[in-house]
J.: 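Below is one structure. I have some questions about it.
Every number for a ligand or one of its atoms is a count from 1 in the order of the listing.
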Amino acid sequence: MILPTAFTDNMRQTLSVTDYPDFIHALSLPAPTSIRIHPVKYNNEHPEKKVDWCHLGYYLTKRPKFTLDPAFHTGSYYVQEASSMFLCHVLKQITFRKETLRILDLCAAPGGKSTLIASWLNNDGLLVSNEVIKNRAYTLKYNILKEGYSNVLVTNNDPADFGKLENYFDIILVDAPCSGEGMFRKDPDAVSHWSPENVEKCSSRQKKILADVLPALKDEGHIIYATCTYNDAENIDNIEWCTKTFDLISVPIETDPSWHIIEIQRKNKYGYQFYPHKLDGEGFFISLMHKNKESKSTDHRNKSYVNSLQHLSKKQETGMKHWVSSEQITFLTDKMGTVHAINSDLKDEVQWLNHYLRLIYCGTSAGVFNKDIFKPDHSLALSLISSKDLISFELSEKDALLFLKKELQYVDTPQTSWIRVTYQGAGLGWIKNLGNRINNYLPAEHRILMKLEEE
Ligand code: SAM
């Protein structure tokens with residue numbers, strides 16, 4: 001890997017004489033592979049080596065072909081770089097009370113941190129997971145639906161759109177688009193896009209993103225700022241700028257010295273830097289700030305808005321009991337007839353948020369009614385709310401892969417009609433058993449195209 005001179009000069013200044021060669025050497029080594037397991041869905045042996053700062057994180061000894069593991073498609077784990085799992089530790093430091101939390105993940109695609117937050121919330125509170133770039137927002141939606149919770153909304157908005165939700169979120173995560181220095185080892189393309197001018201451009205864009213979203217932070221809320229880069233302009237300088245410009249104070253994060261995370265301190269501003277030569281993970285920066293303003297309450301429910309999500313008819317509502325067993329779910333339907341299943345305590349807020357934001361996924365997409373006949377959505381099969389009384393059929397690894405390739409022809413069961421197929425106990429999708437053959441309802445866009453090993 002040929003590194004830009006301006007980058008190496010900067011790193012030489014940042015690191016000590018002994019650290020610098022170690023850092024350069026680490027960039028020539030393969031990046032470790034790590035996964036974060038789903039607290040409810042994962043039903044396999046836990047890998048041996050744990051990630052120190054995240055109780056759900058594990059290192060794998062080699063990188064498998066994840067596409068060819070059906071458990072990857074059920075959402076039983078998420079492949080996530082270990083340093084960024086530190087978010088789990090930061091969330092635990094902020095609070096243990098999750099029930100009423102409103103969290104925004106502003107720059108969320110592909111969904112590593114949002115799926116971590118969803119797991120941590122474990123269906124309490126609300127997570128709004130946002131991505132401004134449309135096609136990336138759809139990738140995010142897919143990863144969120146695999147998590148299977150009913151307290152997450154996926155939106156496709158510009159940061160400035162959140163300014164209207166004044167004083168609303170308890171926690172905002174800004175995992176900002178950056179120059180990607182910490183990804184050089186994993187993504188050599190990042191090297192070719194790097195330049196000192198781009199670092200400056202990123203730094204200005206990050207300030208604009210922060211300024212745009214800050215009105216949406218509650219008066220006593222927390223903002224978590226993260227990048228996957230090393231330079232000060234995108235990291236500690238931005239923290240200093242935030243604390244000078246807004247009512248924010250920088251908050252230190254407790255770390256264990258054995259984790260080898262470097263604390264950057266500038267006066268009373270704190271940032272935490274992850275280096276690949278110090279720990280098993282990629283380059284990453286994270287910092288926590290607290291809004292230092294006397295709390296005033298804003299009652300968002302008093303604002304008028306158009307309700308574009310409607311309740312189901314009584315008959316449809318009753319019909320849904322067959323598919324969803326939870327009592328704590330409210331069903332809302334949109335103009336297209338899609339039924340969204342959302343935790344009942346969120347139903348009014350969701351209506352209100354839908355007025356201000358471009359919602360592309362809401363709780364769990366349960367399915368659609370055609371007159372009174374219900375067709376379940378793929379998301380419902382992968383969700384944690386699908387009824388335990390539904391007919392399900394456990395597939396072997398081979399059949400699960402054939403299902404994912406849309407080549408499974410037959411399942412050996414006398415049960416006909418809708419069947420939720422599972423792998424290692426977790427939902428994989430829907431089939432309709434017609435006796436001598438099946439219909440496979442896996443959405444075409446989720447079909448795997450990779451050749452199976454024995455083909
Ligand atoms: N949080 C994600 C995760 O853990 O999987 C990674 C986020 S990535 C570092 C930054 C994201 O910001 C990208 O998805 C990118 O599309 C988005 N982005 C780019 N420009 C943006 C802007 N001006 N405002 C907000 N987000 C932006």
J.: Quick one: does ligand 1 sit under 4.0 Å from the side chain of Lys113, the backbone, both or neither, non-hydrogen atoms only?
T.: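 The part of Lys113 near ligand 1 is both the backbone and the side chain.
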
J.: Is the ring pair Tyr275/His277 parallel, tilted or perpendicular, if the boundaries are 30 and 60 degrees?
T.: tilted

J.: Counting heavy atoms only, which of Cys107, Ala226, Gly111, Pro159 is nearest atom 12 (O) of ligand 1?
T.: Cys107

J.: Aromatic ring centroids of Tyr149 and His38 under 6.0 Å?
T.: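 They qualify: ring centres under 6.0 Å apart.
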
J.: Take Gln328 and Asn343 through the test side-chain hydrogen bond (donor to acceptor under 3.5 Å, both in side chains) and record every step on the way to the result.
T.: CA-CA 6 Å; Gln328 313 304 327; Asn343 288 358; over 6 Å; no

J.: Mind jotting down which residue pairs meet the ring pair (Phe, Tyr, Trp, His ring centres under 6.0 Å) criterion with at least one end in residues 119-140? Sequence neighbours excluded, please.
T.: none

J.: One residue to check: Ala108. Relative to ligand 1, which of side chain, backbone, both or neither has a non-hydrogen atom less than 4.0 Å away?
T.: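 It is the backbone that touches ligand 1; the side chain stays farther off.
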
J.: Would you check whether Gly112 has a nitrogen or oxygen atom less than 3.5 angstrom from a nitrogen or oxygen atom of ligand 1?
T.: yes

J.: Specify side chain, backbone, both or neither for Glu131, according to which of its non-hydrogen atoms lie closer than 4.0 Å to ligand 1.
T.: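 Under 4.0 Å from ligand 1, Glu131 contributes side-chain atoms alone.
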
J.: Is it the side chain, the backbone, both or neither of Lys208 that has a heavy atom closer than 4.0 Å to ligand 1?
T.: neither

J.: Regarding Asp22 and Lys278, does a basic nitrogen lie under 4.0 Å from an acidic carboxylate oxygen?
T.: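 A salt bridge is absent here (no side-chain N lies under 4.0 Å from a carboxylate O).
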
J.: If the contact criterion is a heavy-atom separation under 4.0 Å, does Ala176 count as touching ligand 1?
T.: yes

J.: If we set the cut-off at 4.0 Å for heavy atoms, which region of Ile133 has an atom near ligand 1: side chain, backbone, both, or neither?
T.: side chain

J.: Please list, in number order, the atoms of ligand 1 under 4.0 Å from a heavy atom of Pro110.
T.: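 Checking each atom against Pro110, I get 5 (O).
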
J.: Between the side chains of Asp170 and Lys218, is the shortest nitrogen-to-carboxylate-oxygen separation below 4.0 Å, so that they form an ion pair?
T.: yes

